[in-house]
Number of protein chains: 2
Amino acid sequence: MGITIKKIASELKLAVSTVSKALAGSHEISPETRQRVVEYARSVDYIPNAYASSLRKRTTGNIGVVLPEVADSFFSDAINGIESVARQKGYHVIIYLTHDDQQKEQAILNDFRSGRVDGVLMSVSLGDGSHTHIEEMAAQKPLVFFDRAWQDVTAARVLTDDVESGYNATHHLLEKGCRRIGFLSVHKNLNIIQQRLQGYKNALADHGRPVRDEDIIDCTHPDTNYDTLKTLLTNPNPPDGLVCSVESLTLLAYRVCHALNLAIPNAVRVVGFSNLGIAALLNPPLTTITQPAFAMGQAAATLLFNALERRTKADVPELKILPSVLHERASTQ
Amino acid sequence: MGITIKKIASELKLAVSTVSKALAGSHEISPETRQRVVEYARSVDYIPNAYASSLRKRTTGNIGVVLPEVADSFFSDAINGIESVARQKGYHVIIYLTHDDQQKEQAILNDFRSGRVDGVLMSVSLGDGSHTHIEEMAAQKPLVFFDRAWQDVTAARVLTDDVESGYNATHHLLEKGCRRIGFLSVHKNLNIIQQRLQGYKNALADHGRPVRDEDIIDCTHPDTNYDTLKTLLTNPNPPDGLVCSVESLTLLAYRVCHALNLAIPNAVRVVGFSNLGIAALLNPPLTTITQPAFAMGQAAATLLFNALERRTKADVPELKILPSVLHERASTQ
DNA sequence: ATGAAAGCGCTAACAT
DNA sequence: ATGTTAGCGCTTTCAT
């Protein structure tokens, strides 16, 4: 087995506690001893056992990041933001993927209670399930939601200005002359979707347009979304504008339009939430609502470390809202 | 603090060892006691401390996955493949990102020696640094490379048929009538690149074409790649075909062509390695060499678990090669 | 079938 | 400034 503190101690004829303190850079230990220990440890390539240390200290030096997937450009950017601050704090980032499955999400959060992480950053999975597993976890460890959050769980959150973003996207289409605008939504109980939808409705109202229920398309089920969109766009009076509330739906809309030979933007204008670096390379270049993913990751991680360092809960959960940006491109020209 | 085995034992007037065994489903324990313990544990929502258990058992139930980034579609698909088999084996997957920085990679692998993971899956970072940190780690724990591997490190590996893929891409362009084909390469010491390049050379040779050094473009430095490509494509005698050896270069080539108003495929045909689901939505639809990313992740994880279960190294490192597929689209029409 | 005891490697009181 | 001791929560001999 590897080198342990005990071996170092016996080799150097010191007590294990002395070695432990020396390695931790304690000022209780004389500079000479400290240096002797540190040098010897390096020479034998001593690596402390992280789990033994965690067990004793009752902290892990890990933060857990729970997300639906990693293929979405928002999430991959956000991870980088999270990592940038975690690295600075000397923490490890452990990524857990739920694949938007609440069962898996539940299993993961349960597992956190076994003491693998000190705190959790999370963007919730779609679904109608209860949120008690989240609440139970949040009762034990600091939790910060980013982007996708549940209202009924008390926790800090980092969001974008979703109402405004939805408003801007819709307003933009109306300005371009769209007469009938479809809103592609996923799970309606998800807050960010409700907000984006609210923005959509507000914009229609401000332009004196009615909100029509049949223009709000539920695309919650990946398997049927393609057909749903196809039906929508081939009906006698199809929308001439589309607000896509998440990246996957944006790309799906493109796919369907391509398949149907529907010209974007002539037949239908498309604006979608997306952080794709290649939005400009799509056919046609895609007008996007781009969220500050990296900054959101940073902000969420910062909030979490604040909580970790306080070791006491803020009585009123913190909320941070960062603005998204509309990038106009050919898909809405 | 949480519920521990000790509390359960005292509550049930049993020894901790009895409780431990009962919870582990040992047949040393009578069915009645076992059930009594299990039920009580569930009723008080007992969660075992993962680190205490790891410390004692000397295994962690974690596998580490080390990759450059997560924004590349190959990697995000591969992660899903890895997770699918890890979940089945009851293991946790911990993802570590190197951002293609060998320093970070080294820090991560070093950290593994502190006993956070039982084995490692890895796609190496670009760079000229030594590989001793990898070798040292591989000496202590099972390691499986997938896709990006170093030749000089003895470890199992899961690769694609890179020579053939490079050959096919180049052959395809030649068939389409390209006269001068550029090969966009990254770090030449990376094996997959050498192989893809070899395929490129073989194809040229088979078509009786010379291999010209100036057609092999080194795009190792993200900051200068844009200018490098711009120079290449604006020189008096530019290539009329491009083989892009990694996804990021494929997208960069598109970006540069768009910026220069160079028509794809008329002015220059482009084929690139990529697993992007949206290749068909690009302008124009992109001809890709698509690797079986999910299957590679599965294969690599399977190899790792084999090693973990054997607890003994195969004397000759295993090698698994899966075929890539050429998807022909408009960018090479 | 159950229990007592030791110990994984480390840290932190508490002596000295 | 250094050492002694106890113990984090668990598993695993080795008794009984």
Side-chain angles (χ1 to χ4, degrees), chain A residues 1-38 40-41 44-62 90 111-118 140-141 311, chain B residues 1-38 40-41 44-62 90 111-118 140:
Chain A
M1 284 289 20
I3 296 286
T4 67
I5 251 182
K6 202 166 152 190
K7 281 189 194 152
I8 297 181
S10 83
E11 209 64 46
L12 260 36
K13 310 225 180 294
L14 289 169
V16 287
S17 58
T18 308
V19 175
S20 174
K21 285 175 194 156
L23 255 17
S26 164
H27 280 284
E28 283 183 52
I29 305 299
S30 76
E32 303 83 53
T33 321
R34 218 188 311 155
Q35 183 170 353
R36 203 157 66 93
V37 170
V38 168
Y40 181 76
V44 295
D45 197 19
Y46 165 70
I47 317 251
N49 183 305
Y51 287 180
S53 167
S54 289
L55 182 58
R56 183 62 235 243
K57 288 201 292 188
R58 321 185 75 64
T59 79
T60 68
N62 297 145
D111 194 66
F112 284 167
R113 301 203 280 155
S114 75
R116 288 176 189 278
V117 299
D118 296 340
Q140 303 193 13
K141 304 194 188 302
R311 288 259 32 107
Chain B
M1 284 286 24
I3 296 284
T4 68
I5 248 182
K6 203 165 151 190
K7 282 188 195 155
I8 297 181
S10 83
E11 211 62 45
L12 259 37
K13 309 226 180 296
L14 289 169
V16 287
S17 54
T18 308
V19 175
S20 175
K21 285 172 193 161
L23 254 16
S26 164
H27 279 284
E28 282 183 53
I29 305 298
S30 75
E32 303 82 55
T33 318
R34 217 188 313 155
Q35 183 170 353
R36 202 158 65 92
V37 170
V38 168
Y40 181 76
V44 295
D45 197 21
Y46 165 70
I47 317 248
N49 182 304
Y51 287 0
S53 165
S54 288
L55 181 58
R56 182 64 237 241
K57 288 201 292 188
R58 320 185 75 64
T59 79
T60 68
N62 297 146
D111 193 67
F112 284 168
R113 302 204 280 154
S114 74
R116 285 177 191 278
V117 299
D118 295 342
Q140 302 193 13

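Values below: all heavy atoms of this structure, side chains included; hydrogens, waters and symmetry mates excluded. Sequence lines set the chain letters: A, B, ... in the order given, protein chains first and strands last, and positions in each chain run from 1.
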What's the [atom1]-[atom2] distance between [X] and [N], to the nearest Å?
X     : N     : atom1 : atom2 : value
B:K57 : C:dG9 : NZ    : C1'   : 17 Å
B:K6  : D:dA6 : NZ    : P     : 13 Å
A:I5  : C:dG7 : CD1   : C1'   : 16 Å
A:I3  : C:dC8 : CD1   : P     : 15 Å
B:K7  : D:dC8 : NZ    : P     : 10 Å

Phosphate OP1/OP2 of [N] contacted by [X] side-chain N/O (<4.0 Å):
X     : N      : answer
A:Y51 : C:dT11 : no
B:S17 : D:dT12 : no
A:S30 : D:dT2  : yes
A:R58 : D:dG9  : yes

Compare the minimum distances between each of [options] and the side chain of [X], then state the nucleotide with the smallest one.
X     : options                : answer
B:R56 : C:dT2, C:dC8, D:dT2    : C:dC8
B:S20 : D:dG9, C:dC10, D:dT12  : D:dT12
B:E28 : C:dT2, D:dT12, C:dC8   : C:dT2
B:K21 : C:dA12, D:dC14, D:dT11 : D:dC14
B:L55 : D:dC10, D:dG9, D:dT4   : D:dG9

Do B:S54 side-chain atoms and B:A50 backbone N/O form a donor-acceptor pair below 3.5 Å? yes
Contact class for A:T4 (heavy atom, under 4.0 Å): base, sugar-phosphate, or nothing? sugar-phosphate
Classify the nucleic acid contact of B:T33 as base, sugar-phosphate or nothing, counting any heavy atom under 4.0 Å across all strands shown. sugar-phosphate
